[in-house]
Structures are given as C-alpha cells and as structure tokens.
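Quick caveat, the model's predicted, so the values are computed rather than measured.
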Amino acid sequence: MNKSPFRYDRGMTLIVKTVTRFTLGFILIYGIYIAMTGHESPGGGFAGGVIVALSFVHIMLAFGKEVALKRLRSNLIRLIISLGALVFLFIVIASFAGRCVPINLFFARDISCHIFNNAVIIPICEMIIVGAGLFAIFVALVLLSKSDKEFE
Amino acid sequence: MIEMYILLIFMITAAIIAVAAKDLLSSVVAIGAVGIGLAMAFLVLKAPDLAIMQLVVEILSLIILVRATTRKDLPFNISGRWVFNTLATILFAVVFLVSAYASLKFMPDLGSPLMRVSKVYLSEGLVRTGAMNIVAAINLNYRALDTLGEATMLFAAIIGVLAVARKIGRKG
C-alpha cells in the first residue's frame with residue numbers, strides 16, 4: 001500500500017466519504033435542474049455546468065485524485081463531451097445558415113420546435129461542455145502541475 | 001440604496017485585507033469574501049441570473065485557489081529593481097485612472113441605461129423566442145453565436161487537458 005504514488009492524497013476521512021456518497025447525486029441532479037429550467041427561472045446552461053463540475057470536484061476532494069482521473073480518462077465521457085460539442089455546433093451553424101442552405105432538419109417553421117431546441121437541447125450541450133471544461137481546468141491547475149511519474 | 005453601500009464597503013475592506021494579509025490562505029479566503037459580496041450585490045441590483053453564476057464560479061475558483069496555491073512555495077521576490085517597479089506601478093495607475101475618468105464621463109447613470117437595442121429585446125423577446133427568462137432568451141437566441149464561442153473555448157480547454165493527461169503513446 002505504501003508504494004502507491006497516491007499515498008499522500010487518498011482523500012478525506014470516512015465521514016466525508018459517506019456524506020459525499022449520499023449528496024453527490026443530489027448535487028448532480030440540481031445542476032441538471034438548473035440547466036433545464038433556465039428558460040423559465042434564473043439559471044441556465046452555464047450555471048448548471050458549473051454545478052456539475054463542482055460535483056466532480058467534490059468527488060476528487062473526498063476520494064482522492066485516482067478516482068477523479070479515472071473518470072476523466074473513460075471513453076464514454078469523451079464520447080458524450082464530443083457529441084455535446086458537435087450537436088451544439090450543428091444547431092447554431094445550421095440556424096445561422098438556415099436561410100441559404102436547406103438543412104431545416106430541426107428547424108420547423110413553428111415556434112414550438114424552436115423552443116424545444118433552445119430550451120432543452122442547447123442547455124444540455126452547454127452544461128456538458130461547461131462542466132467538463134471547468135473540471136478539466138481544475139485538473140490541469142491542481143493535479144497536473146506535479147511531476148509526470150505520479151500519473152502512470 | 002443603503003445596502004449597496006454596505007456591500008461595497010464590505011468588499012473594499014475584504015480586498016484590502018486580501019492584499020495586506022501575510023498568510024496566503026487568509027488572503028485567498030478574503031478574495032472569496034469579495035466574490036460572495038459581489039454575488040449579494042447582484043441580488044440587490046435585481047439580477048438573480050448573474051448572482052447564481054457569480055456564486056458558483058466563485059466557489060469553484062476558491063477551491064482551485066486553495067488547492068493550487070497553498071501547498072506550494074510560490075516565489076515572491078520584492079527585493080531588487082524597486083525603482084523600476086515603483087515607477088511602472090505609478091505610471092500604469094495614472095494611465096488607468098485617466099482613461100477610466102475619460103470613459104466614465106460618457107456612461108449613463110446607474111438605473112437609467114441606454115435602451116437603444118435592448119428595447120426591442122424586452123418588448124418582443126417573449127413572443128419571438130418563447131422564453132420567460134429574458135436572459136436565457138437573449139443568450140440562446142439573439143446572442144447564440146456568443147454562447148457558441150464560449151463553449152468552443154471551454155472545449156479547447158478539454159482537448160488540451162486530455163492531450164496532456166493521456167496514457168497511450170506516452171514515453172517514459
């Protein structure tokens with residue numbers, strides 16, 4: 001056990017770990033709620049994304065850097081982040097060029113489809129990108145500043 | 001308006017404490033107090049969207065500052081070249097004050113903003129976008145390309161961190 005490179009950063013005490021296990025899902029759901037109801041009440045995709053990033057920071061502070069970095073390296077999360085970015089880019093560029101290019105796939109003429117795009121799809125994409133981006137900045141600033149050997 | 005002045009005095013005091021404190025951790029905590037005061041000031045000025053944003057970003061940046069700064073010996077050197085440093089500081093302070101005074105003369109008063117563009121947003125925003133929250137309406141409809149640029153910047157940050165922290169193909 002003592003040969004582990006993470007021995008000085010293995011998280012906090014058992015109390016903090018147990019409370020984190022209970023509250024983590026609620027923080028995540030609250031971030032998604034803030035992002036989804038941004039059209040009717042204060043909030044929005046950016047604030048929801050920051051709350052999602054805070055839940056990942058919460059994991060890292062409680063359980064140590066090993067668990068958090070494993071989450072960042074998983075392929076599913078990379079796929080979700082890239083899909084969010086591509087869908088967001090497609091919606092914005094398509095609505096920008098919708099008059100000259102016939103890609104009115106999402107963009108029906110009635111306003112309900114437009115509202116669905118703007119109230120559901122774009123906040124979710126923005127939440128994913130902002131959450132992952134701020135957590136990546138946190139990882140880069142806090143964890144990756146040490147020497148390289150500790151991450152192998 | 002009195003609570004606004006109380007908040008401003010609180011924030012200025014916290015900022016002075018942050019500059020003057022010897023300990024790095026206490027100055028970081030004082031910076032956090034400045035941010036919380038700014039969030040409450042946004043609430044007093046009736047901007048709950050900005051208040052939520054400021055609060056969560058402040059928490060995240062406070063955690064980053066505590067974890068990233070307090071464990072390291074940051075080189076803080078104040079000896080040597082003090083003439084040049086003092087002259088540069090005074091020069092930049094004078095330039096900033098003069099330009100800020102010249103530009104603040106043209107700003108409208110607090111509470112009576114210029115409404116040339118935003119008049120249309122306020123009157124037609126609900127009908128044309130269907131969003132009750134006018135901030136979300138402007139962010140996601142009239143200013144959607146701005147939001148795309150912000151997301152692009154964060155996505156570039158993700159790609160950079162994943163490229164640095166990758167495991168496959170790394171030597172040694």
Side-chain angles (χ1 to χ4, degrees), chain A residues 31 34 37-51 53-54 57-58 60-61 69 72-73 78 81-82 84-85 88-89 91-93 95-96 111-112 114-115 117-119 122-123 125-126 129-145 148-149 151-152, chain B residues 42-43 47-61 63-69 71-72 127-141 143-168 170-172:
Chain A
I34 286 277
T37 59
H39 247 212
E40 288 87 24
S41 60
F46 196 92
V50 180
I51 294 176
L54 278 177
V57 170
H58 195 175
M60 206 220 81
L61 289 183
L69 276 184
L72 195 68
R73 283 200 182 113
R78 294 185 191 188
I81 294 167
S82 308
F88 191 10
L89 182 72
I91 285 181
V92 177
I93 296 298
S95 63
F96 186 61
I111 196 166
S112 64
H114 178 73
I115 290 176
N117 271 334
N118 278 328
I122 288 185
C125 299
E126 196 186 358
I129 296 170
V130 170
L134 289 179
F135 183 64
I137 292 171
F138 176 75
V139 166
L141 281 179
V142 174
L143 300 184
L144 300 184
S145 52
D148 283 339
K149 286 282 173 59
F151 300 101
E152 293 304 322
Chain B
F42 282 141
L43 264 189
D49 261 298
L50 273 179
I52 290 178
M53 191 84 79
Q54 177 67 37
L55 192 63
V56 288
V57 170
E58 191 59 43
I59 293 170
L60 186 62
S61 63
I63 294 174
I64 288 179
L65 278 179
V66 168
R67 287 295 295 233
T69 59
R71 282 192 187 172
K72 306 203 169 74
V127 182
R128 296 193 57 173
T129 67
M132 297 273 287
N133 185 6
I134 195 67
V135 179
I138 293 174
N139 260 344
L140 296 183
N141 292 279
R143 297 274 183 268
L145 281 177
D146 278 352
T147 314
L148 178 70
E150 158 200 313
T152 309
M153 192 187 71
L154 282 166
F155 192 67
I158 302 171
I159 291 175
V161 170
L162 285 182
V164 170
R166 72 190 188 279
K167 219 171 191 176
I168 306 166
R170 169 184 282 240
K171 286 179 189 168

Minimum heavy-atom separation for [X] and [Y], please, with both atom names.
X	Y	answer
B/Ala151	A/Ile129	O-CG2, 3.5 Å
B/Ile52	A/Ala47	CG2-CB, 3.8 Å
A/Ala136	B/Ala157	CB-O, 4.5 Å

Note to self: At a 4.5 Å cut-off on heavy atoms, which part of B/Val56 comes close to chain A: side chain, backbone, both, or neither?
What the structure shows: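 It is both, since atoms from each part get that close.
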Margin query: Is B/Thr147 close to chain A through its backbone or its side chain, or both, or neither, when contacts mean heavy atoms under 4.5 Å?
Written below: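 Interface part for B/Thr147: both.
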Next item on the list: May I ask you to decide if A/Gly43's main-chain N or O and B/Asp49's side chain share a donor-acceptor pair within less than 3.5 Å?
Entry: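 Yes: the side chain of B/Asp49 pairs with the backbone of A/Gly43.
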Margin query: What I'd like to find out is whether the side chain of A/Leu54 reaches to under 4.5 Å of the side chain of B/Ile63, using heavy atoms alone.
Written below: yes
Next item on the list: Side-chain contact test, heavy atoms from C-beta onward, threshold under 4.5 Å: evaluate it for A/Ile137 versus B/Leu154 and give yes or no.
Entry: yes
Check: With chain B, which of A/Gly38, A/Ala53, A/Gly44 has the greatest number of heavy-atom pairs at distances under 4.5 Å?
Finding: A/Gly38
Check: Looking at A/Pro42, A/Ser41, A/Gly133, which one has more heavy-atom pairs under 4.5 Å with chain B than the rest?
Finding: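 Ranked by contacts with chain B, first place is A/Pro42.
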Next item on the list: Please lay out, stage by stage, how B/Val161 and A/Phe135 fare under the test side chain to side chain contact (heavy atoms under 4.5 Å, CB included).
Entry: CA-CA 10 Å; B/Val161 170; A/Phe135 183 64; over 6 Å; no
Notebook entry, point to check: Considering only heavy atoms, which portion of A/Val57 lies under 4.5 Å from any heavy atom of chain B: side chain, backbone, both, or neither?
Noted result: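 The answer is the side chain of A/Val57.
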Notebook entry, point to check: Is it the backbone or the side chain of A/Glu126 that comes under 4.5 Å from a heavy atom of chain B, or both, or neither?
Noted result: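 For A/Glu126, the contact with chain B is made by the side chain alone.
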